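Notes follow once the structure below has been shown.
In listed order, ligands and their atoms are each counted from 1. Remember, it's a predicted structure, so these values are computed and weren't measured experimentally. By convention here, the first residue in the shown sequence is residue 1.
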Amino acid sequence: MNSIAENIRKFHEAVPPGVEIVAVSKFHPDSMIMEAYEAGQHIFGESRVQEFVEKVKTLPSDIQWHFIGHLQTNKVRQIIGKTSLIESVDSERILDLIDRESERAGVVTKVLLQVHVAAEEAKFGFSPEELMNYFENLKYRDLKATHICGLMGMATNTEDTERVREDFRTLHSLFEEVKRKSIDLKGFNQLSMGMSGDWPIAVEEGSNIIRIGSAIFGERK
Ligand SMILES: *Cc1c(COP(=O)(O)O)cnc(C)c1O
């Protein structure tokens with residue numbers, strides 16, 4: 001197997017300019033993150049609040065942390081002010097809470113709304129209908145300390161690459177539709193889709209953030 005540093009270099013070569021690579025470091029120790037960091041990777045993704053908070057404390061302060069996991073209401077406060085992007089805002093309730101806690105902390109939090117388009121039932125996220133309702137009702141105008149920068153989504157977990165491509169297309173068209181309908185929504189330009197197994201298809205379908213875990217760090221234990 002390649003070293004982490006080699007994997008980082010390969011990704012930075014293979015991925016087209018304009019596509020941001022998030023190294024998903026969940027479950028992996030600081031030493032492995034440092035290996036990636038020293039190879040030039042400065043954006044990392046974490047999905048569990050406790051683990052994230054611990055890593056922020058000990059790792060270099062110029063790391064840009066993306067939070068990518070499901071957030072429980074009682075844990076939101078712990079991550080405010082520590083993220084460069086929360087990609088996994090999966091309900092209006094969490095969004096409003098992030099806004100309240102950000103205002104209270106005197107920071108502006110950048111977020112993506114997570115949209116559920118995959119076939120699996122048990123996934124988090126706004127349904128396409130909920131998403132469009134949110135923007136059509138202009139609810140984003142009530143946000144005081146949160147900036148919605150775009151959307152995040154996952155494709156169905158299947159070998160069927162046509163289904164995967166279809167899911168990414170759906171996400172991309174929702175992204176374009178929100179952009180078209182919400183002309184006063186500034187800086188809505190990030191579309192996070194694609195992981196280790198499907199990122200080339202995601203990039204072909206318009207992704208500009210890919211979230212790569214196992215293809216950089218190996219399998220999670
Ligand atoms: C774990 C995780 C990833 C990375 O998955 P890999 O298949 O290991 O690349 C990407 N996105 C989210 C939301 C995740 O939870």
Would you tell me whether Q41 and H12 have side-chain atoms, one donor and one acceptor, within less than 3.5 Å of each other?
yes
Just to be sure I understand the cut-off, which residues have at least one non-hydrogen atom under 4.0 angstrom from an atom of ligand 1?
V24, K26, I68, M154, M195, S196, R211, I212, G213, S214, R220
Pair listing, ring-ring contact (aromatic ring centres under 6.0 Å, His included) test, anchored in residues 68-102, at least two apart:
H70-F124
Can you see which heavy atom on V76 is nearest to which on I94, and at what distance?
CG2-CD1, 4.1 Å
Are H116 and F126 an aromatic pair by the rule of ring centers under 6.0 Å?
no
P60 and Y37, any side-chain heavy atoms less than 4.5 Å apart:
yes
Mind checking whether S102 and V108 have side chains closer than 4.5 Å, heavy atoms only?
no
